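Note: hydrogens, waters and symmetry copies are ignored here, and every other heavy atom, side chains too, is used. As the structure is a prediction and not an experimental result, all values here were calculated from the model.
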Amino acid sequence: MAESGVLDDLDRALVHALHIDGRASFRQIAEVVGTSEHTIARRYRRLRFQGLLRVVGMLDGTRFGQTSWAVRLVCTPDAAGPVAEALARRDDTVWVRLLSGGTEIACGVQSGGEGDDLLLKKLPRTPRVVSMSAHATLHMFAGWRSRAAVLSDEQAARLRPDRVDEHEITLGGEDRALLRVLARDGRAGFGELAAAAGCSQTTARRRLEQLRAGGALRFDVEIPARALGYHAEAWLWMKVEPRALTSVGEAMARHAEADVVAATTGPTNLMAGVTCRDIQALYRYLTERVATLDGVREVETAPVIRTVKRVGTLLP
């Protein structure tokens, strides 16, 4: 996706609305923000055409017995780019980023099937991969959040979908076909979904609603941080005293800079993805906020050089 662009207030309102409900209708969004349906549709299509905005459907693999992993790879200087591109093409990678001068890769993987093949067999045998570590997610303190939060609480409430009532979900062939389409375009029409799944539009609509209501499917917004005025992204790999892991994780989850915060296995036990306005703001965040948290022993900072895959989906 494109990494530049300037969003005005209406663009940001649209992005915020889609973060709340990725499949909210243009009419509903227009009524909430106080403009015309035509204007919202035109803004969405322009941002989509420019590569600045995409809604994606994501399956919650943990609902199907899968484990989320953060995988760190160090590659030879000439290999990091191609390896990252290859990882991004896999269905079982959720996100892929080049870090630390372009020789390190971090990626999110869902395992419990084919993901194990990626983690345990293929990558360690690749000569251009110098080292690899895998960190299983034990607890999520904060997930991906919107950086275009401009709508009021009242406006947000009007857009928020019905509360999820989790129940057992079993995926069939039609579901897998629907999810493949939604992974590319979370706002795909029911005609396109029905054609892919080989069912009626009514069936496609009903099944999508069931997947959402059961908590198995959620929608996210893919937008480069630079388009929102943020120019410094980094991953933090932290060693925290076990007694303080929960308190530090909860504190960081309240930080506006933190996009994702998770307790993990491995030599480090807390992982965080952070986004700041610039390098100076990142420095202040690390020294004035993270450094003051009781129980933090070590912090390794890996700047994000390039995002190869921002969000994705998994079909178990």
Side-chain angles (χ1 to χ4, degrees), residues 58-75 80 83-84 87-88 90-100 103-126 129-145 215 218 233-255 257-274 286 290-291 293-304 308-309 311-314 316:
M58 301 180 66
L59 193 67
D60 182 0
T62 61
R63 295 291 310 280
F64 303 92
Q66 297 176 331
T67 302
S68 295
W69 295 81
V71 181
R72 298 182 68 184
L73 308 168
V74 177
C75 301
V83 171
L87 288 170
R90 292 184 62 101
D91 288 337
D92 51 6
T93 57
V94 183
W95 50 268
V96 180
R97 286 166 171 78
L98 275 171
L99 309 174
S100 304
T103 58
E104 183 177 345
I105 302 168
C107 66
V109 177
Q110 294 273 10
S111 74
E114 292 183 1
D116 293 329
D117 182 59
L118 170 66
L119 286 167
L120 304 177
K121 297 179 181 179
K122 290 187 177 181
L123 284 175
R125 297 179 182 178
T126 302
V129 175
V130 177
S131 65
M132 183 191 83
S133 62
H135 309 255
T137 299
L138 300 176
H139 179 74
M140 290 292 296
F141 294 101
W144 301 102
R145 67 180 68 186
R218 67 180 180 86
E233 297 178 81
W235 282 93
L236 309 182
W237 310 93
M238 305 170 60
K239 290 185 179 180
V240 179
E241 295 177 10
R243 65 168 181 82
L245 185 57
T246 297
S247 61
V248 171
E250 291 177 347
M252 290 190 65
R254 293 191 293 270
H255 292 174
E257 296 86 351
D259 297 309
V260 59
V261 182
T264 68
T265 60
T268 59
N269 57 359
L270 191 69
M271 174 189 75
V274 301
L286 294 172
V290 176
L293 295 172
D294 179 48
V296 176
R297 294 176 179 173
E298 297 179 21
V299 179
E300 180 184 352
T301 306
V304 176
V308 182
K309 185 176 187 179
V311 287
T313 192
L314 168 71

**Study point:** Which atom of L270 lies closest to which atom of T264, heavy atoms considered
**Key:** N-OG1, 4.1 Å
Check your understanding: Of the non-hydrogen atoms in A244 and G295, which two are nearest, and what is the gap between them?
Key -> CB-CA, 3.8 Å
Review point. When you look at L245 and H139, which way does the side chain to side chain contact (heavy atoms under 4.5 Å, CB included) test go after all the steps?
Key: CA-CA 11 Å; L245 185 57; H139 179 74; over 6 Å; no
Exercise for review: Hey, could you give me the NZ/CZ distance between K239 and R297, rounded to the nearest 0.5 Å?
Suggested key: 8.5 Å
Check your understanding: Say you draw a straight line from CD of E104 to CZ of R97; how long is it, rounded to the nearest 0.5 Å?
Key -> 13.0 Å
Practice item. Please report the closest heavy-atom contact between M252 and A272, naming both atoms and the distance. Key: CE-CB, 3.7 Å
Review point. Which pair of non-hydrogen atoms, one from A262 and one from T137, has the smallest distance, and what is that distance?
Key: CB-CG2, 4.1 Å
Practice item. Please determine which of T103, I105, V130 meets the side chain to side chain contact (heavy atoms under 4.5 Å, CB included) test together with C75. Key: I105
Exercise for review: Kindly compute the distance separating CD (E241) from OG (S247), expressed to the nearest 0.5 Å.
Suggested key: 9.5 Å
Review point. Checking side chain to side chain contact (heavy atoms under 4.5 Å, CB included) for the pair M238/V290: CA distance, chi angles, key distance, verdict?
Key: CA-CA 10 Å; M238 305 170 60; V290 176; 3.9 Å; yes
**Study point:** Closest approach of L98 to A80 (non-hydrogen atoms, all atoms of both residues)
**Key:** CD2-CB, 3.7 Å
Exercise for review: For K309 and R90, indicate whether the former's side chain and the latter's backbone hold a donor-acceptor pair under 3.5 Å.
Suggested key: yes
Check your understanding: Would W235 and V260 count as a side chain to side chain contact (heavy atoms under 4.5 Å, CB included) if you check the C-alpha gap in whole Å, the side-chain angles of each, and the deciding distance to 0.1 Å?
Key -> CA-CA 9 Å; W235 282 93; V260 59; 3.5 Å; yes
**Study point:** Criterion side chain to side chain contact (heavy atoms under 4.5 Å, CB included) on L286 and E257, from CA distance to verdict
**Key:** CA-CA 10 Å; L286 294 172; E257 296 86 351; over 6 Å; no
Point to revise | Distance in Å, R72 CZ paired with E300 CD, rounded so as to fall on 0.5 Å steps | key: 4.0 Å
Check your understanding: Where does the angle between the aromatic ring planes of H135 and W237 fall among parallel (under 30°), tilted (30 to 60°) and perpendicular (over 60°)?
Key -> tilted
Study note, to complete from the structure: T301 and A234 have their tightest heavy-atom pair at CG2-CB, 4.0 Å
**Study point:** Min side-chain heavy-atom separation V71-L87 under 4.5 Å
**Key:** no
